[in-house]
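Report on one structure; see the data block that follows.
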2 protein chains.
Amino acid sequence: MVSIKDIAKKAGVSISTVSYALNGSPKVTEETSAKILAIAKDLNYIPNASARNLKKRETKVIGVYLTDFSGAFYGQLLQGILESLSRNDYGLIVCSGEHSHRYLPERMIDGAIVLDSTFSSDELLTYAERGHKIVILDRQIEHPNINQVLLDNKAGATLAIDHIVEKGHTKLYVVTGPEDSFDSMQRLHAVRQAAKRYPHIEYTEIAGDFTKEAGERAAEQIMNEYDQIAAAFCLNDEMAIGMYNYLANTEYRAGEHIHIIGFDNLEVSHYTKPRLSTIDYSKRKWGALASEQLLKLIKGVPVENERIYVTLIEGESISEKKA
Amino acid sequence: MVSIKDIAKKAGVSISTVSYALNGSPKVTEETSAKILAIAKDLNYIPNASARNLKKRETKVIGVYLTDFSGAFYGQLLQGILESLSRNDYGLIVCSGEHSHRYLPERMIDGAIVLDSTFSSDELLTYAERGHKIVILDRQIEHPNINQVLLDNKAGATLAIDHIVEKGHTKLYVVTGPEDSFDSMQRLHAVRQAAKRYPHIEYTEIAGDFTKEAGERAAEQIMNEYDQIAAAFCLNDEMAIGMYNYLANTEYRAGEHIHIIGFDNLEVSHYTKPRLSTIDYSKRKWGALASEQLLKLIKGVPVENERIYVTLIEGESISEKKA
DNA sequence: TTGTAAGCGTTATCAA
DNA sequence: TTGATAACGCTTACAA
């Protein structure tokens with residue numbers, strides 16, 4: 001491996017001069033600098049990240065943690081993060097799995113964006129306590145080294161319920177997510193509050209887990225006990241898609257017998273027939289904002305927690321209830 | 001930051017003893033080892049990856065490079081890679097974007113799995129020439145430090161065409177992928193060969209680029225010149241989905257007026273109506289195999305290039321041609 | 001069984 | 001403007 005030592009020898013200068021030249025320091029003359037750069041290129045010199053990181057105590061790389069790699073969910077979010085980091089001359093690595101938990105405490109990355117339920121809040125707090133900077137997208141933890149960028153789940157859930165009610169529906173199912181999902185719990189909480197405001201509505205909860213299969217099972221249950229036109233708020237689009245799948249093999253139709261609304265506005269939701277009504281938010285913006293917050297945290301700039309706003313997408317899966 | 005030096009001081013031993021103890025070496029007695037471990041824990045000692053990597057000249061981390069993060073395509077592939085690497089005590093990072101190209105030459109990772117058209121083959125060759133180990137999934141490059149695990153595109157394309165012909169179709173469109181896609185070019189090549197075997201078939205190529213939009217455009221073109229039942233082989237599922245989308249707004253039906261087959265067996269393809277016929281292969285296995293090849297390459301074990309086999313999934317989007 | 005010491009490839013301080 | 005040198009935190013001969 002060719003190191004600055006080799007360059008120094010060949011150029012007849014000291015390693016410190018080489019280091020300065022390579023880093024574009026104005027301390028070294030044009031002339032020597034040019035010579036050194038030429039030799040470096042000639043020798044195919046590549047700096048060693050470990051050595052630099054060890055010395056500088058920073059890596060200029062941010063890690064994003066995901067529970068797993070499945071789902072079409074993360075693409076835009078990651079793209080938003082990548083763009084934002086690139087603009088600020090930071091690199092990005094996407095991680096999942098147990099092994100990767102080490103990267104933050106072992107200082108392979110300068111900070112982490114977490115959307116990963118395999119991290120316990122305790123673990124996260126421990127890292128924060130050690131001085132590591134973290135932005136969390138899937139729960140709430142108060143610590144000076146932790147910032148959160150959360151969805152406005154309450155607004156989203158309320159929009160969904162209000163929309164259903166406005167359309168004249170009087171029978172409502174809610175299909176929930178897993179209990180360890182912060183987003184699901186927030187949405188459910190808001191739903192219950194909203195439901196209280198509409199006492200005339202027959203309200204039922206069905207336990208789900210954010211998977212298509214859960215949506216299918218929920219649809220099955222609903223159709224088995226079908227006695228009138230019903231509305232269903234699936235706490236994510238994935239489960240709503242599951243409902244469509246189940247319905248496809250029945251006589252019942254979405255937006256007719258059962259009116260469905262989801263949450264997330266996944267790309268596939270654009271292509272369902274009828275178009276799924278859902279709650280939308282900019283995943284790209286979410287990622288960009290999370291990155292910005294993290295970089296500020298690293299720079300020591302004070303930050304407030306941020307919120308991602310949501311909007312209602314009116315598809316055809318929720319329509320006016322006709323007796 | 002607490003280092004082995006601090007532990008050594010507190011334990012009254014030398015740093016080398018601490019290092020040995022921490023690494024579970026049998027050279028140090030149970031007793032001292034226990035003491036050292038206790039102190040390490042007490043001080044919240046965390047090893048520094050950069051220092052270890054610098055010294056050991058390896059990181060035990062593999063990088064996977066993707067062109068971008070969009071598309072539901074990569075989930076299972078990454079999951080396959082992650083599982084395989086974890087079993088072998090290697091970590092995984094997923095990378096995209098210009099900045100990340102540095103990770104391999106700068107030795108942040110011990111090897112790379114590449115499915116990323118932003119790498120030129122020259123660049124890859126340069127790295128291989130420098131001694132870096134690479135497994136490539138999206139093209140063919142011959143080098144001792146490079147191995148490839150490629151799809152059996154030829155078999156897949158042939159299966160698709162044969163299936164269409166068996167069903168009695170006599171008018172065939174092929175919607176191609178981008179010209180810089182190795183997979184697309186291989187599939188197209190096989191299609192042309194197959195087409196030659198069936199001279200009675202009216203054969204037309206439509207240029208596409210693997211996006212939904214390309215599929216929509218292709219469908220538009222086909223329907224505009226519609227004069228008889230036609231079959232279309234979309235060189236990936238994404239474009240086939242695009243065709244469905246276009247058709248949804250027309251009088252024409254997939255599997256009736258136009259018979260469609262794709263390639264990839266994306267998850268969404270399971271949910272199309274009618275179920276999309278396509279070419280399937282195990283993305284998880286692809287990932288696992290790629291990882292294994294890479295680890296062998298790193299260990300210096302000789303490896304042959306590998307091939308991922310494909311099968312035909314018969315949906316309802318291709319059916320018997322009825323005059 | 002433990003300690004000494006060199007060295008991995010950088011950066012950065014201080015002198016020259 | 002350049003050079004000598006220490007230091008970053010760790011591993012690993014080799015010596016004791």
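Every chain is numbered from 1, with letters handed out A, B, ... down the list of sequences.
- With sequence neighbours excluded, the residues that form a side chain to side chain donor-acceptor pair (under 3.5 Å) with B/Thr17 are B/Ser14.
- In plain terms, the two heavy atoms of A/Phe69 and B/Gln79 that are nearest each other are N-OE1, 3.2 Å.
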Using atom types as modelled, flag every donor-acceptor pair under 3.5 Å from a side chain in residues 293-305 of chain B to any protein atom, sequence neighbours excluded.
from     : atom 1 : to       : atom 2 : distance (Å)
B/Gln293 : NE2    : B/Asn147 : OD1    : 3.0
B/Gln293 : NE2    : B/Glu304 : O      : 2.7
B/Asn305 : OD1    : B/Asn147 : ND2    : 3.2
B/Asn305 : OD1    : B/Gln148 : N      : 3.1

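- B/Leu37 is linked by a side chain to side chain contact (heavy atoms under 4.5 Å, CB included) to B/Leu22, B/Ser33, counting only residues two or more places apart in sequence or in another chain.
- Under the side-chain hydrogen bond (donor to acceptor under 3.5 Å, both in side chains) criterion, the residue pairs touching residues 49-59 of chain A are A/Arg52-B/Glu106, A/Thr59-A/Asp110, with sequence neighbours excluded.
- Near-neighbour residues of DNA chain D inside residues 28-36 of chain B, defined by a heavy atom below 4.0 Å, are absent.
- The side chain to side chain donor-acceptor pair (under 3.5 Å) check on A/His99 picks up nothing, with sequence neighbours excluded.
- Residue pairs meeting the side-chain hydrogen bond (donor to acceptor under 3.5 Å, both in side chains) criterion with at least one partner in residues 116-131 of chain B, sequence neighbours excluded, are B/His101-B/Thr118, B/His101-B/Glu123, B/Asp116-B/Thr118, B/Ser121-B/Arg139, B/Glu123-B/Tyr127, B/Glu129-B/His143.
- The side chain to side chain donor-acceptor pair (under 3.5 Å) check on B/Lys283 picks up nothing, with sequence neighbours excluded.
- Under the side chain to side chain contact (heavy atoms under 4.5 Å, CB included) criterion, A/Ser84 pairs with A/Arg87, A/Asn88, A/Ala288, A/Ser291, A/Glu292, sequence neighbours left out.
- Put simply, CD1 on B/Ile46 is 11 Å from P on D/dC10, counting in whole angstrom units.
- Mapping heavy-atom proximity under 4.0 Å, the span of DNA chain C touched by chain A runs 5' to 3' from C/dC8 to C/dT13.
- For the pair B/Leu54 and B/Val13, nearest-nucleotide mapping onto DNA chain C gives the more 5' position to B/Val13.
- Among residue pairs with one or both ends in residues 5-34 of chain A, those qualifying as salt bridge (charged side-chain N to carboxylate O under 4.0 Å, His left out) are A/Lys10-A/Asp42; sequence neighbours excluded.
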Strictly under 4.0 angstrom, non-hydrogen atoms only: write out the protein contact profile of nucleotides 11-16 of chain D, one letter per nucleotide from the 5' end, B, S or -. BBB---
